[in-house]
Number of protein chains: 2
Amino acid sequence: MRAQTSKRTDARRNRGLILEAAKAAFGRDGVHASLDEIARSAGVGPATLYRHFPTREHLLCEVLHERQAVLLALRDEALALPDAKSALYGWMTALGDYLGAFNGLPQPFIDAFEAQASPLAVTCRTLVAITDEFLARAKADGAARQSVCAPALFLSALGAAFVHDKAGRYGTTPEQVEAIQAFGYLTGHPAVDTSHSIRKTGAFHD
Amino acid sequence: MRAQTSKRTDARRNRGLILEAAKAAFGRDGVHASLDEIARSAGVGPATLYRHFPTREHLLCEVLHERQAVLLALRDEALALPDAKSALYGWMTALGDYLGAFNGLPQPFIDAFEAQASPLAVTCRTLVAITDEFLARAKADGAARQSVCAPALFLSALGAAFVHDKAGRYGTTPEQVEAIQAFGYLTGHPAVDTSHSIRKTGAFHD
DNA sequence: CCTTGAAACGGAGGGTGCCTCCGATTATAT
DNA sequence: ATATAATCGGAGGCACCCTCCGTTTCAAGG
C-alpha cells in the first residue's frame with residue numbers, strides 16, 4: 001500500500017519507468033516476461049529493478065494495483081445489486097476478469113497461496129474475504145449451495161481463469177466453462193446439501 | 001504408441017534409462033524438472049536426451065504412457081457401471097487423478113491444446129473424446145446438464161487439477177473443489193437449460 | 001555556490017537451464 | 001577383422017536470474 005515514498009527524485013522516476021515497462025511486458029508476454037528485458041526497456045540496469053522490486057511477485061503485485069482499483073469498484077457495484085445471486089455472479093465474473101489480466105496470472109496466485117511470504121498472499125486473502133461476503137449473503141438467500149466455502153470457490157475461480165482464454169482453441173467458449181463453474185456439469189445436488197446420508201466423500205465414490 | 005524400436009542396443013538402453021530418470025524427476029520436481037539434470041542422472045549426455053526426445057513434451061508424453069494404461073483401465077471400469085451419473089463422475093475422478101500425476105501437468109496440456117504440433121495434443125483429443133462418450137450417455141439419462149460440452153468439461157478438469165493439491169493450504173479440501181466442479185456454486189439451473197429466453201451471455205450478466 | 005555523505009545506479013559476472021554442433025565412439029553387417 | 005553408419009557426449013552459445021561493488025547523482029548544510 002505504501003506509495004513511491006522514496007527520498008530521491010531519480011529513484012521515484014525509475015520506479016515509475018519500471019512499473020510502466022513491466023505493465024507492458026506482462027501484458028504482452030504474460031507474467032513470465034523477462035525481468036532483465038523489463039529493466040532494459042525501462043532504461044535502467046537490472047540491479048535497479050531488483051532494488052525496487054526484490055522478486056517478480058513484488059513487481060507483479062504493484063503492477064496489479066491499478067487493476068485492483070477496477071476490481072474493487074466492481075465489487076461495490078455488485079454489492080449494490082438487490083439480488084444475492086446476481087451479486088455473487090457479478091463478483092465472480094469481475095474476479096475472473098481480474099485474474100485474466102495477464103497470461104499466466106493464476107500461477108503466482110497459487111504459489112502465493114502456499115508461501116505466505118509472497119506479497120500476493122495478502123491480496124489473496126483479501127479476495128477470499130470478499131468472496132466470502134458475497135457467498136454468505138447468497139447462501140442466506142438460498143442462491144448458493146450450502147456446502148460451498150469461500151476458499152474452495154476462490155480456488156475454483158483460479159482454475160477457471162487458468163483455462164479461460166484457451167476455450168476458443170478447442171471448439172468451446174469461455175462462457176461454457178463459466179457455466180460449468182457456476183452450475184456444475186451434473187444435474188441435481190450433492191448428498192451433503194440435502195442432509196441425507198452424509199458419507200465421507202460425496203455421493204458417487206465407489 | 002511405437003515402442004523402443006531402435007536399431008542399436010545401446011540406444012534402446014539409453015532410452016530406457018532416460019525414461020526412468022525422467023519419471024523420477026517429474027515426480028519429484030514436477031514437469032519443469034531440469035532436462036540436463038535428467039540426462040545427468042540417467043548417465044547420458046544432454047544431446048542423447050534431446051536426440052531421443054526432441055522436446056520436453058515428447059519426453060513427458062512417453063513418461064505418461066504408463067499412467068495412461070491405468071486411466072484407460074479406470075475408464076473401462078466406469079463404463080461398466082449401470083448408472084450414467086456414477087460413470088461420468090467416476091471418469092472425471094480418474095481423469096483428475098491422471099492430471100495430478102505430476103505437479104504442473106495441466107500446463108503442458110493447456111499448451112498442447114493450442115499447439116497441435118505437440119505430442120500431447122493427440123492425447124488431449126483422445127481424452128476429450130472419451131469424456132464425450134460419458135457425457136453423452138449422462139445427458140441422455142438426464143444425469144448431466146444439456147448445455148455442457150465435452151471440450152469445456154475437459155478444460156474444467158484441467159482447471160480443477162491445476163488447483164487440486166493446493167486446497168489443503170488454505171482451509172479447504174480437494175473434495176470441496178471437486179464438488180463445485182460437479183454441482184456448481186449456485187443453486188438452480190442456467191437459462192439455457194430450461195429453454196426459456198436464450199439470451200447471449202447467460203442469466204446474470206448486467 | 002560548493003562541499004560532502006549517503007542514496008541510488010548499472011555494468012560485469014557467476015550460476016543455471018536449454019539446446020546444438022561435431023569430433024569421438026560403438027554396434028552391427030559383411 | 002573391417003567398414004560403415006548409427007549413436008554418443010562434451011563443449012559451448014544463448015537467455016535468464018540475481019548480486020557484487022565501483023561509480024554517479026542527489027540534496028542537505030555550510
Side-chain angles (χ1 to χ4, degrees), chain A residues 2-22 24-26 28-63 102-104 107-108 111 115 117-119, chain B residues 2-22 24-26 28-63 102-104 107-108 111 115 117-119:
Chain A
R2 64 171 177 77
Q4 48 246 42
T5 316
S6 101
K7 302 221 159 183
R8 283 171 52 165
T9 53
D10 55 346
R12 275 200 302 276
R13 201 182 59 92
N14 281 335
R15 187 188 154 91
L17 288 173
I18 292 168
L19 282 175
E20 205 62 30
F26 288 150
R28 190 179 52 249
D29 306 329
V31 298
H32 294 311
S34 161
L35 295 184
D36 277 20
E37 165 63 26
I38 289 174
R40 214 172 302 130
S41 79
V44 304
T48 299
L49 186 150
Y50 287 100
R51 202 173 307 111
H52 283 283
F53 309 99
T55 70
R56 178 184 298 274
E57 284 68 39
H58 283 85
L59 178 53
L60 191 55
C61 196
E62 293 299 315
V63 170
F102 304 128
N103 204 346
Q107 183 69 62
D111 297 341
S118 167
Chain B
R2 65 172 178 76
Q4 46 245 46
T5 316
S6 100
K7 302 218 159 181
R8 284 171 51 165
T9 54
D10 55 346
R12 277 199 301 276
R13 198 182 61 93
N14 281 334
R15 187 188 154 89
L17 288 172
I18 292 168
L19 282 174
E20 206 59 32
F26 288 148
R28 190 179 54 248
D29 306 329
V31 297
H32 294 311
S34 162
L35 297 184
D36 277 21
E37 166 62 26
I38 289 173
R40 215 173 300 131
S41 81
V44 304
T48 299
L49 187 149
Y50 287 102
R51 202 174 307 112
H52 282 284
F53 309 98
T55 71
R56 178 184 298 275
E57 284 69 37
H58 283 86
L59 178 55
L60 191 56
C61 197
E62 293 299 314
V63 171
F102 303 128
N103 204 347
Q107 184 70 61
D111 297 342
S118 166

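Heavy atoms only: backbone and side chains are in, while hydrogens, waters and symmetry mates are out. Letters A, B, ... are given to chains in the order of the sequence lines, protein chains preceding strands, and every chain is numbered from 1.
A:Leu17 has its side chain out of reach of A:Glu20: every pair of non-hydrogen atoms, C-beta onward, lies at least 4.5 Å apart.
Taking CZ from B:Arg12 and CG from B:Asp10, the interatomic distance works out to 9.0 Å, rounded to the nearest 0.5 Å. Between B:Thr55 atom OG1 and B:Tyr50 atom OH the span is 9.5 Å, to the nearest 0.5 Å. Taken from CG in B:Leu35 to CZ in B:Arg56, the straight-line distance is 4.0 Å, to the nearest 0.5 Å.
Taking atom CZ of A:Phe53 as the reference point, atom P of D:dT19 lies 16 Å away to the nearest angstrom. Between the P atom of D:dG9 and the CD1 atom of B:Ile18 lies a distance of 9 Å, rounded to the nearest Å. Between the P atom of D:dC17 and the CG atom of A:Asp29 lies a distance of 11 Å, rounded to the nearest Å. B:Asp36 places its CG atom 13 Å from the C1' atom of D:dC14, with the value rounded to the nearest Å. Protein atom OH of B:Tyr50 is 17 Å distant from nucleotide atom P of D:dA11, rounded to whole Å. The CZ-C1' distance, from B:Arg51 to C:dC21, rounds to 11 Å in whole Å. Straight-line distance from the CD1 atom of B:Ile38 to the C1' atom of D:dG9: 17 Å, rounded to whole Å. To the nearest angstrom, P of C:dC19 lies 9 Å from CD of B:Glu57.
Pairs passing the salt bridge (charged side-chain N to carboxylate O under 4.0 Å, His left out) check and including a residue from residues 28-38 of chain A, sequence neighbours excluded, read A:Glu37-A:Arg40.
Here B:Ser34 lies in heavy-atom contact (under 4.0 Å) with sugar-phosphate atoms only. Heavy atoms of B:Ala11 sit under 4.0 angstrom from primed sugar atoms or phosphate atoms, though from no base atom. Residue A:Arg56 is in sugar-phosphate contact alone, with no base atom involved, counting any heavy-atom pair closer than 4.0 Å across all strands shown.
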A:Val31 and A:Gln107: side-chain contact (heavy atoms from CB on, under 4.5 Å), yes or no, with the steps? CA-CA 9 Å; A:Val31 298; A:Gln107 183 69 62; 5.6 Å; no
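In this model, the phosphate group of D:dC8 is approached by a side-chain N or O of B:Asn14 to a distance below 4.0 Å at OP1 or OP2. Between A:His52 and C:dC9 there is a side-chain N or O to OP1 or OP2 distance below 4.0 Å. Side-chain N/O atoms of B:Thr48 include one lying less than 4.0 angstrom from OP1 or OP2 on D:dG9.
In this structure, B:Arg40 and A:Pro46 both approach DNA chain C, and ranking their closest nucleotides by distance from the 5' end singles out A:Pro46.
The backbone N or O of A:Phe53 sits nowhere less than 3.5 Å from a side-chain atom of A:Arg15 that would complete a donor-acceptor pair.
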List, with names and distances, any nitrogen or oxygen atoms from the protein found under 3.5 Å away from nitrogen or oxygen atoms belonging to nucleotides 25-30 of chain C.
{"residue": "C:dT26", "atom": "O2", "partner": "B:Arg8", "partner atom": "NH1", "Å": "3.1"}
{"residue": "C:dT26", "atom": "O2", "partner": "B:Arg8", "partner atom": "NH2", "Å": "3.2"}
{"residue": "C:dA27", "atom": "O4'", "partner": "B:Arg8", "partner atom": "NE", "Å": "3.4"}
{"residue": "C:dA27", "atom": "O4'", "partner": "B:Arg8", "partner atom": "NH2", "Å": "3.4"}
{"residue": "C:dT28", "atom": "OP1", "partner": "B:Thr9", "partner atom": "N", "Å": "3.1"}

